[in-house]
Amino acid sequence: MTEEEKPRSSNFIRQIIADDLSRNKNNGRVHTRFPPEPNGYLHVGHAKSICLNFGLAAEHAGGQCNLRFDDTNPEKEKIEYIEAIKDDIHWLGFDWEDRLFYASDYFEQLYDYAVHLIREAKAYVDSLNLEEMREYRGTLTEPGRESPDRNRSIEENLDLFKRMRAGEFEAGQYVLRARIDMASPNINMRDPTIYRIKKTRHHRTGDSWNIYPMYDYTHCISDALEGITHSLCTLEFEDHRPLYDWFLDQLPVPCHPQQIEFARLNLNYTVTSKRKLNELVDEGHVRGWDDPRMPTIVGMRRRGYPPAAIRDFCERIGITKNDTVIDMSVLENCVREELDRTTCRVMAVINPLRVVITNFPEDQEELLDAPYHPNLPEMGSREVPFSHVIWIERDDFMEDPPKKFFRLAPGREVRLRYAYFITCEEVIKDDSTGEVVELRCSYDPQTRGGSAPDGRKVKGTIHWVSAAQALETEVRLYDRLFTVPEPGRLEDWRATLNPESVRIISGAMLEPGLLQAKAEESFQFERLGYFCVDAKDSKPDRPVFNRTVTLRDSWVKQNKSS
RNA sequence: UGGGGUGUAGCCAAGUUGGUUAAGGCACGGGGUUUUGAUCCCCGCAUUCCCAGGUUCGAAUCCUGGCACCCCAGCCA
């Protein structure tokens, strides 16, 4: 039952491709590409695009998906982002094989095509400055005006463009513009800039260029050079499609890919804009791009979200042109579903309350067999120590419990998971504060393993950890980063950051076997949630755990409603 | 007074060549199983598809007119 066997639901892009295939368009090829700009870390919105592009290629025989870095703005891009992006894509489970490309690989070809446009009188060198250019562009409701340079001779354009490349001019002095239509109702067609002067060192081409091509010009040509059949991008590029097609129609390119736009992903209680994520990091609201609260791929990875869960999520939310906000619970559900079938169950006490088993010998230790997964016996089992003093969860005891509380209370009997029934006989409190500091319980030796020979039942089963052998360590409990569903819509979105988005628990008590846990390994801490070993802050003798997601809990739900 | 898009349940989303009782998931509510108040399993959850007209024996699907929301005036992508 691999995820590849799950029926995939229909969407408009799959339909377009099926239709193209039935008409033998592109000779039956399906070739997509994922085109990140290496100017930041990938987030869950990019995951949607990665799954779409690589997924579409994978579901068609012979389909391919390229990885292409859209590196046309050296001022914002860094080589380290390139490596991080590659890691993220591989981690998500996708592979571009030998098809790793860079828009900068095409700079020479792009330059030649620009010369071609100039020769055809389809492009010209303009000396308007930024403000003038804006003024000449017109507004949304008024047409623009033609630049005085628009009818410069081809020879002069060729000469100036060559000198732009040679570095004879300073940034801003000239730009190369496409000669289209200053009166177009589509502002993108009002003689867009296609080359600007930037005397910036490029992370791949070094100092060899003084001019860099713009996105609209570069992207469509790169697609064509790579033989892309379906160029998928987000909705805000819909208005750019006429321009995408215009360039390809003017130039002797090998093919004319089809640009198709889909809606970007929005998730509630978080933000998915590179700019805002950047600000969260820069302003110190989180501890880096890989902070487990971040919706970045590295953040989700560190949080313990399995790549299969993210892929499943991307498939479930569908692909449309609707502007939507997906409920975080959908993602969390995918994570729980994946973790439920893949993780070992272990016991950990996050908020410990000391329990003395009065009738269990003080110097004795006993090993109890505990399966790793109640529904998957093939996952095996381990032995957990039991002794005179154990820790239980403070929330599992109430001195004066409400009627539906099935856990421990004075005089009550509960089952210790995979161990014994215990009965609470005495509650020890701190004299001055009145706080419960210890419970004295007796155990029934007849109930070893958790069932009573006399058939008597107990309502509750609680988890526990033997005190003498417990591994004391740090556990971090994460919650949503924002307190409102759509922080991104607010001007003052920082004010809605959740002050309790992380709680550091320094004295959690875990069963001793967890000392062997490996970096990034996930577990279910029974009755609490799924946790993973933090890959950065753990030490060989002291793993630190991140809570990935809680278990569903109808008890807290019931209490909230009452 | 410009152009480009989108409107099916609380949140996503199938359905679109007009023809069953409008898929499925999340969320929610109810019940069963259970040594995790987990998992799992049942059951419920839109007489109605943004609104108003029209065409038709028949419309979420076709036509007309509205309304709402999103995107666009970088030498960013």
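Letters A, B, ... mirror the listed sequences (proteins, then strands); counts begin at 1. This is a predicted model, so every value here is computed, not measured.
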Are the side chain of A/Arg196 and the backbone of A/Pro213 linked by a donor-acceptor contact shorter than 3.5 Å?
yes
I'd like the P distance from B/U6 over to B/C45, given in whole Å.
32 Å
Pairwise C1' distance, B/U16 and B/A23 [rounded to whole Å]
15 Å
Whole-Å gap separating C1' (B/G5) and CG (A/Asp239):
8 Å
In whole angstroms, how far is the P atom of B/C75 from the NZ atom of A/Lys199?
20 Å
Is the distance between the ring centroids of A/Tyr113 and A/Phe247 less than 6.0 Å?
no
Taking only Lys NZ, Arg NE, NH1 and NH2, and the carboxylate oxygens of Asp or Glu, determine whether A/Arg527 and A/Glu393 approach each other closer than 4.0 Å.
no
For nucleotides B/U48 and B/A52, find the distance between their P atoms and express it as a whole number of Å.
11 Å
Would you classify A/Met133 as touching base, sugar-phosphate or nothing, given that sugar-phosphate means primed atoms plus P, OP1 and OP2, and contacts are heavy atoms under 4.0 Å?
base
Looking across every strand, which nucleic acid part, if any, lies under 4.0 Å from A/Tyr174 by heavy atom: base, sugar-phosphate, or nothing?
nothing
Using a 4.0 Å heavy-atom cut-off, does A/Asn333 contact any base of the nucleic acid, only the sugar-phosphate backbone, or nothing at all?
sugar-phosphate
Select base, sugar-phosphate, or nothing to describe what A/Arg336 touches, counting heavy atoms under 4.0 Å on all strands.
nothing
Pairwise C1' distance, B/G53 and B/C26 [rounded to whole Å]
37 Å
Nearest-angstrom distance from the residue atom CZ of A/Arg345 to P of B/C40:
11 Å
Check: A/Gln524 side chain, B/U36 base, donor-acceptor under 3.5 Å:
yes
Aro-ring/base stack A/Tyr215-B/A77, d under 5.5 Å, angle under 30°:
no
Please give the nucleotide sitting opposite B/A68 as a Watson-Crick or G-U wobble pair, both distances under 3.5 Å, or none.
B/U6
Distance, C1' atom - from B/A68 to B/C51, rounded to whole angstrom:
10 Å
Let's see if you can work this out: which of B/C76, B/C26, B/G37 has an atom nearest to the side-chain heavy atoms of A/Thr461?
B/G37
Taking NZ, NE, NH1 and NH2 as the nitrogens, is one of them in A/Arg448 or A/Glu366 under 4.0 Å from a carboxylate oxygen of the other?
yes
Can you tell me which nucleotide in B/U6, B/U36, B/C71 comes closest to the side chain of A/Arg527?
B/U36
For atom CG of A/Asn322 and atom C1' of B/A9, their distance in whole Å
15 Å
In whole angstroms, how far is the C1' atom of B/G74 from the CZ atom of A/Arg134?
9 Å
B/G18 -> Watson-Crick or G-U wobble partner, both distances under 3.5 Å, gives none
With the side chain defined as heavy atoms from C-beta on, A/Asp553 is closest, among B/G37, B/C26, B/A77, to B/G37
Give a yes or no on whether a salt bridge exists between A/Asp126 and A/Arg152, defined as a side-chain N under 4.0 angstrom from a carboxylate O.
no
Between C1' on B/U34 and OH on A/Tyr418, what's the gap in Å once rounded to a whole number?
11 Å
Under a 3.5 Å cut-off for both distances, is B/U34 Watson-Crick or wobble paired, and to whom?
none
With syn defined as a glycosidic angle within 90 degrees of 0 and anti as anything else, the base of B/G74 is syn
Tell whether A/Asn186 reaches the base of B/G4 with its side chain through a donor-acceptor pair below 3.5 angstrom.
no
Roughly how many Å apart are B/U64 and B/C28, using the C1' atom of each and rounding to a whole number?
40 Å
Tell me which nucleotide among B/C12, B/C75, B/G5 gets nearest to the side chain of A/Glu238.
B/G5
B/A59 - base-pair partner by Watson-Crick or wobble geometry, distances under 3.5 Å:
none
Scan A/Arg407 against the nucleic acid and name what it touches under 4.0 Å (heavy atoms): base, sugar-phosphate only, or nothing.
base
How many Å lie between CG on A/Asn375 and C1' on B/C41, as a whole number?
12 Å
When rounded to the nearest Å, what value does the distance between C1' atoms of B/G5 and B/A9 take?
24 Å
Say you pick atom C1' in B/G25 and the same atom in B/U8; how far apart are they, in whole Å?
15 Å
Give a yes or no on whether a salt bridge exists between A/Glu337 and A/Arg316, defined as a side-chain N under 4.0 angstrom from a carboxylate O.
yes
Of the nucleotides B/A77, B/C70, B/C26, which one has an atom closest to the side chain of A/Asp323?
B/C70
How close or far is atom P of B/G3 from atom CG of A/Leu140, stated in whole angstroms?
11 Å
Is A/Glu279 salt-bridged to A/Arg275, cutoff N-O under 4.0 Å?
yes
